Amino acid sequence: DTEVTQTPKHLVMGMTNKKSLKCEQHMGHRAMYWYKQKAKKPPELMFVYSYEKLSINESVPSRFSPECPNSSLLNLHLHALQPEDSALYLCASSPLFGETQYFGPGTRLLVL
Amino acid sequence: QKEVEQNSGPLSVPEGAIASLNCTYSDRGSQSFFWYRQYSGKSPELIMFIYSNGDKEDGRFTAQLNKASQYVSLLIRDSQPSDSATYLCAVNKGYGGATNKLIFGTGTLLAVQP
């Protein structure tokens, strides 16, 4: 089973809202990733967690705040987003950092 | 020079033909190579990965790696309209630490004509 789940599938939020994206995997993977993808562009790495510790932050604005409560769960907390943050947000996991990554279905975010 | 380069396409092939998708990378020390398929509005789906020079076959898909030429390709035999998607090439340098992240190409749009 190579399933990564993400909720919600779609999210519309205003610039003053606070919301969270959730990602879950039960494959025993120890690395989890957040990517942002704009239309007709490749996924762009935002954060990497390895063994529940933040390993990489690709200079992401502080209005995006990741959290890894346990080895199966990854959250992305959103606050005071801008319209240009509208995108498909993808979660991925891999057995270990650097190994084959499996993507979840994504959350399509629209910021108004 | 981009780290991972792909022709954006569209690459148009007739149904039943072989589709050949190509990717070049700039870092000679890169260790592992991945092909993902992405349908419009969906997330990337892993098709193949390859670590060693040569060919690797899985059903209708064959990945080819030539580290000397810094070139990786994906062949799709007996192409079907359902193969129409964007194919993303991704490379992992594998040096450890931050260099373990995937570097994606911009993707090639494949259109299989019925």
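The structure displayed is predicted, hence computed values, not measured ones. Quick note on labels: first sequence line is chain A, next is B, and so on, each numbered from 1.
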Visitor: Decide if atom NZ of K38(A) counts as having more than 12 heavy atoms of other residues, nucleotides or ligands within a radius under 6.0 Å.
Guide: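 Buried by this count: over 12 neighbours within 6.0 Å.
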
Visitor: Looking at every non-hydrogen atom in both residues, tell me the closest pair between P105(A) and S43(B) and how far apart they are.
Guide: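 It is CA-OG, 3.6 Å.
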
Visitor: Which atoms of Y35(A) are under 4.5 Å from chain B, going by heavy atoms: the side chain, the backbone, both sets, or neither?
Guide: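 Contact with chain B: side chain only.
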
Visitor: Considering residues, nucleotides and ligands other than K19(A), do more than 12 of their heavy atoms fall under 6.0 Å from its NZ?
Guide: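 No - once you tally the heavy atoms of other residues, nucleotides and ligands closer than 6.0 Å, there are 12 at most.
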
Visitor: Membership question, hydrophobic clusters at under 4.5 Å side-chain separation (ILVMFWY): are F64(A) and L88(A) in the same one?
Guide: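 No, no single cluster joins them.
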
Visitor: Measuring heavy-atom distances to chain B, does T100(A) have an atom under 4.5 Å in its side chain, in its backbone, in both, or in neither?
Guide: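 The answer is both parts of T100(A).
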
Visitor: Chain A heavy atoms under 4.5 Å from Y51(B): which part of the residue, side chain, backbone, both or neither?
Guide: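 For Y51(B), the contact with chain A is made by the side chain alone.
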
Visitor: If hydrophobic clusters are built from ILVMFWY residues whose side chains come within less than 4.5 Å, do V4(B) and I47(B) share one?
Guide: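 Yes, V4(B) connects to I47(B) through the hydrophobic network.
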
Visitor: For Q101(A) and L102(B), work out which heavy atoms get closest and say how close.
Guide: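 That closest heavy-atom pairing would be NE2-CG, 3.6 Å.
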
Visitor: Linking I/L/V/M/F/W/Y whenever their side-chain heavy atoms sit closer than 4.5 Å, directly or via other members, would Y102(A) and I56(A) fall into one cluster?
Guide: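 Both belong to a single hydrophobic cluster.
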
Visitor: Out of curiosity, K101(B) NZ to F97(A) CZ, how far, rounded to the nearest 0.5 Å?
Guide: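 Answer for the NZ-CZ pair, K101(B) versus F97(A), is 8.5 Å.
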
Visitor: Under a 4.5 Å heavy-atom cut-off, does chain A meet the side chain of Q38(B), its backbone, both or neither?
Guide: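 Just its side chain gets close to chain A.
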
Visitor: P42(A) and G105(B): which non-hydrogen atoms are nearest, and at how many Å?
Guide: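 For P42(A) versus G105(B), the nearest heavy atoms are CB-O, 3.3 Å.
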
Visitor: With the 4.5 Å side-chain cut-off for hydrophobic clustering, are M48(B) and Y25(B) part of the same group?
Guide: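 As far as the 4.5 Å side-chain criterion goes, Y25(B) and M48(B) are connected within one cluster.
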
Visitor: To the closest 0.5 Å, what do you measure between NZ (K40(A)) and CG (L109(B))?
Guide: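 Spacing of NZ (K40(A)) from CG (L109(B)) equals 7.5 Å.
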
Visitor: Please tell me whether W35(B) and L11(B) are part of a single hydrophobic cluster in this structure, the criterion being side-chain heavy atoms less than 4.5 Å apart.
Guide: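 They do share one cluster, since a chain of ILVMFWY contacts under 4.5 Å joins W35(B) to L11(B).
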
Visitor: So, taking the atom named CZ in F104(B) and the one named NZ in K41(A), what distance separates them when rounded to the nearest 0.5 Å?
Guide: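 One gets 15.0 Å once the value is rounded to the nearest 0.5 Å.
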
